Amino acid sequence: MKIELSRTKVHNEFAKKVELISGQKLFACYQCGNCTAGCPVAFAMEIGPHEVIRYVLLGLEEEAISVNTFWLCASCLQCTSRCPKGIDIARVMDSLRMFVLRKRDRKDYIDIKKFPDGF
């Protein structure tokens with residue numbers, strides 16, 4: 001799959017919504033992989049938690065929400081305790097579940113345009 005990057009692609013609405021729902025600064029993630037290495041259910045996931053975060057940051061919404069990773073997350077917080085940047089990855093996985101459920105409901109409760117530019 002070919003991925004073309006641009007400033008608008010990287011600073012995308014999807015990443016902003018996930019950051020708003022989770023309360024986490026995803027752009028702090030530098031893809032060390034500690035979250036995936038410590039995850040007790042990573043063996044069953046299609047991609048690791050750090051890869052889901054990368055998909056979100058790249059604006060790959062369909063790819064990010066089509067994997068089973070965030071559905072399998074046990075919210076054990078092992079990933080969060082291992083993150084050197086202090087990102088609560090379990091909250092990010094939970095926010096992705098909420099995002100998908102809201103999308104299925106066809107009600108987008110978060111209007112990103114109403115938030116200040118700092119997000």
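What you see is a predicted model, and the numbers here were worked out from it, not measured in a lab.
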**Prompt:** Can you check whether C83 reaches C35 side chain to side chain, under 4.5 Å on heavy atoms?
**Reply:** no
**Item:** Step-by-step side-chain contact (heavy atoms from CB on, under 4.5 Å) determination, C39 to M45
**Value:** CA-CA 10 Å; C39 180; M45 295 176 173; 3.6 Å; yes
**Request:** Could you pull out the closest heavy-atom pair between T80 and A90, with the gap in Å?
**Result:** OG1-N, 3.6 Å
**Asked** Is it true that V41 and V67 fall in one hydrophobic cluster, defined by side-chain heavy atoms closer than 4.5 Å?
**Response** no
**Message:** Any side-chain to backbone donor/acceptor pair from E19 onto K25? Under 3.5 Å, distance only.
**Reply:** no
**Asked** How many angstroms lie between CD in E51 and CD in E63, if you round to the nearest 0.5 Å?
**Response** 13.0 Å
**Minimal non-hydrogen separation, Q78 against P40, with atom names** = CB-CD, 4.5 Å
**Prompt:** Roughly how far, to the nearest 0.5 Å, is the CD atom of Q24 from the CG atom of D88?
**Reply:** 5.0 Å
**Complete:** When rounded to the nearest 0.5 Å, the distance separating CG of L26 from CZ of R54 is 11.0 Å
**Separation between SG of C29 and CD1 of I89, rounded to the nearest 0.5 Å** = 6.5 Å
**Asked** Is there a donor-acceptor pair closer than 3.5 Å between any side-chain N or O of N68 and the backbone N or O of E46?
**Response** yes
**Message:** Checking F14 now: which residues fulfil ring pair (Phe, Tyr, Trp, His ring centres under 6.0 Å) with it, not counting sequence neighbours?
**Reply:** F99
**Request:** Give a yes or no answer on whether the side chain of Q31 reaches the backbone of H50 with a donor-acceptor pair at less than 3.5 Å.
**Result:** yes
**Minimum-distance pair of heavy atoms, taken over all atoms of A44 and L72** = O-CD1, 3.4 Å
**Distance (rounded to the nearest 0.5 Å) between I65 CD1 and F70 CZ** = 6.5 Å
**Item:** Nearest heavy atoms of L57 and A15, plus distance in Å
**Value:** CA-CB, 4.5 Å
**Message:** Hydrophobic clustering (ILVMFWY, side-chain heavy atoms < 4.5 Å, transitive) - are I87 and L77 grouped together?
**Reply:** no
**Prompt:** What closest approach, in Å, do Y30 and P84 show between heavy atoms, and which atom pair accounts for it?
**Reply:** OH-CG, 3.2 Å
**Request:** Starting at CD of E62, measure out to CG of L60 and round the result to the nearest 0.5 Å.
**Result:** 10.0 Å
**Prompt:** Do the charged groups of D94 and R97 touch, with an N to O distance under 4.0 Å?
**Reply:** yes
**Item:** Taking every non-hydrogen atom, the tightest pair across A37 and R82
**Value:** CB-NH2, 3.8 Å
**Request:** Decide yes or no for L96 and W71: does some side-chain heavy atom of the first lie under 4.5 Å from some side-chain heavy atom of the second?
**Result:** no
**Request:** Report the residue from V18, T36, V92, T69 that forms a side-chain contact (heavy atoms from CB on, under 4.5 Å) with V52.
**Result:** T69
